[in-house]
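Note sheet for the following structure.
Just so you know, these numbers use all the heavy atoms, side chains as well, and skip hydrogens, waters and symmetry mates.
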Amino acid sequence: MVSRADIAAAAIRISSHVRHTPLLRVAGAELGVAPPVVLKLELLQHTGSFKPRGAFNRLLADSLPAAGVIAASGGNHGAAVAYAARTLGVRAEIFVPTLTPPAKVARIASYDARVVQTGETYAEALLASRARQAETGALEVHAYDHADVLAGQGTVARELEHDAPDLTHVLVATGGGGLIGGM
């Protein structure tokens, strides 16, 4: 379980590498609901999602081996890890399923990562990345199954708490579970 202290430490660790994203307050009626809505604009984060928060925290919380970092991804996590690795001057290998859209593959590669397309599913790409990690000794940056990644993602909640202390309910998108796990 990730604690408030873990998230506070992550916020300090990543502060010079991620954006404190703004909020957009919308009248509920504009969205067909009664209460007003507050949106956290993580699309303005580096690489277009909340994912760099966890990627940077994972890379900065541990010693980085000469082999660099390795991750499996369907797209957004891979872009975030590649971006963080490039920013910190380390090598990144990102494994994606063969069905990953070319635009996502190109985006990951644009951050100077080596992209390996393998397997039809994320699970197969993850297995391949772990086999490669065992060969190279690279630091694995899992998309959602690591406390440092979760703590980094949890900085979204910390910012919400600071910027909108009046909130009583928060809706969190859930894919792999990294964002909600940190929240």
Hey, any chance [X] and [Y] share a hydrophobic cluster, counting ILVMFWY side chains that come within less than 4.5 Å of each other, even indirectly?
X      : Y      : result
Val96  : Leu99  : no
Val172 : Leu167 : yes
Leu43  : Ile180 : no
Leu139 : Val116 : no
Leu88  : Val81  : yes

If we only count heavy atoms from C-beta on, is the [X] to [Y] side-chain gap below 4.5 Å?
X      : Y      : result
Lys40  : Val156 : yes
Arg114 : Ile94  : no
Ile70  : Val141 : no
His20  : Asp163 : yes
Phe50  : Gln45  : no
Leu23  : Leu41  : no
Glu140 : Leu126 : yes
Glu93  : Arg132 : yes

Neighbour count above 12 (heavy atom, 6.0 Å) for [X] [atom1]:
X      : atom1 : result
Glu135 : CD    : yes
Arg4   : CZ    : no
Leu24  : CG    : yes

Minimum heavy-atom distance between [X] and [Y], given as atom pair plus value:
X      : Y      : result
Leu44  : Pro22  : CD1-CG, 3.7 Å
Gly78  : Ser73  : N-OG, 2.8 Å
Ala138 : Gln133 : O-NE2, 2.8 Å
Tyr144 : Gly177 : CB-C, 4.2 Å
Pro97  : Ala125 : N-CB, 3.9 Å
Tyr111 : Arg86  : O-CB, 3.5 Å

Check against side chain to side chain donor-acceptor pair (under 3.5 Å), Glu42 and Thr21 = CA-CA 6 Å; Glu42 284 297 297; Thr21 56; 2.4 Å; yes
How far does [atom1] of [X] sit from [atom2] of [Y], to the nearest 0.5 angstrom?
X      : Y      : atom1 : atom2 : result
Arg13  : Ile7   : CZ    : CD1   : 12.0 Å
Asn57  : Thr155 : CG    : OG1   : 8.0 Å
Lys104 : Asn76  : NZ    : CG    : 5.0 Å
Asp148 : Asp62  : CG    : CG    : 7.0 Å
Leu127 : Thr118 : CG    : OG1   : 9.5 Å
Ile14  : Leu60  : CD1   : CG    : 8.5 Å

message = Could you go through Arg91 and Val69, starting from their C-alpha distance and side-chain angles, then the distance that decides it, and tell me whether this counts as side-chain contact (heavy atoms from CB on, under 4.5 Å)?
response = CA-CA 6 Å; Arg91 183 172 183 257; Val69 298; over 6 Å; no
Salt bridge Arg158-Glu161, side-chain N to carboxylate O under 4.0 Å =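 Result for this pair is no, no salt bridge flagged.
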task = Before accepting this row, confirm whether a basic side-chain N of the pair Glu159/Arg53 lies closer than 4.0 Å to the acidic partner's carboxylate O.
result =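 Result for this pair is yes, salt bridge flagged.
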key: Short side-chain to backbone donor-acceptor contact, Thr98 and Gly119, under 3.5 Å   =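 Checked: pair present.
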query = Is a donor on one side and an acceptor on the other found under 3.5 Å between the side chain of Glu124 and the backbone of Glu120?
reply =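 Confirmed, Glu124 side chain pairs with Glu120 backbone.
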task = Report the C-alpha distance between Gln117 and Val105 in whole Å, list the side-chain angles of each, state the deciding distance to 0.1 Å, and finish with yes or no for side-chain contact (heavy atoms from CB on, under 4.5 Å).
result = CA-CA 8 Å; Gln117 289 188 267; Val105 173; 3.7 Å; yes
task = Apply side-chain contact (heavy atoms from CB on, under 4.5 Å) to Gln153 and Met183, showing your working.
result = CA-CA 7 Å; Gln153 312 314 26; Met183 299 281 282; over 6 Å; no
inquiry  = Check the orientation of Phe56 and Tyr83. Use parallel for under 30°, tilted for 30 to 60°, and perpendicular for over 60°.
reply    =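 If you compare the ring of Phe56 with that of Tyr83, the planes turn out perpendicular.
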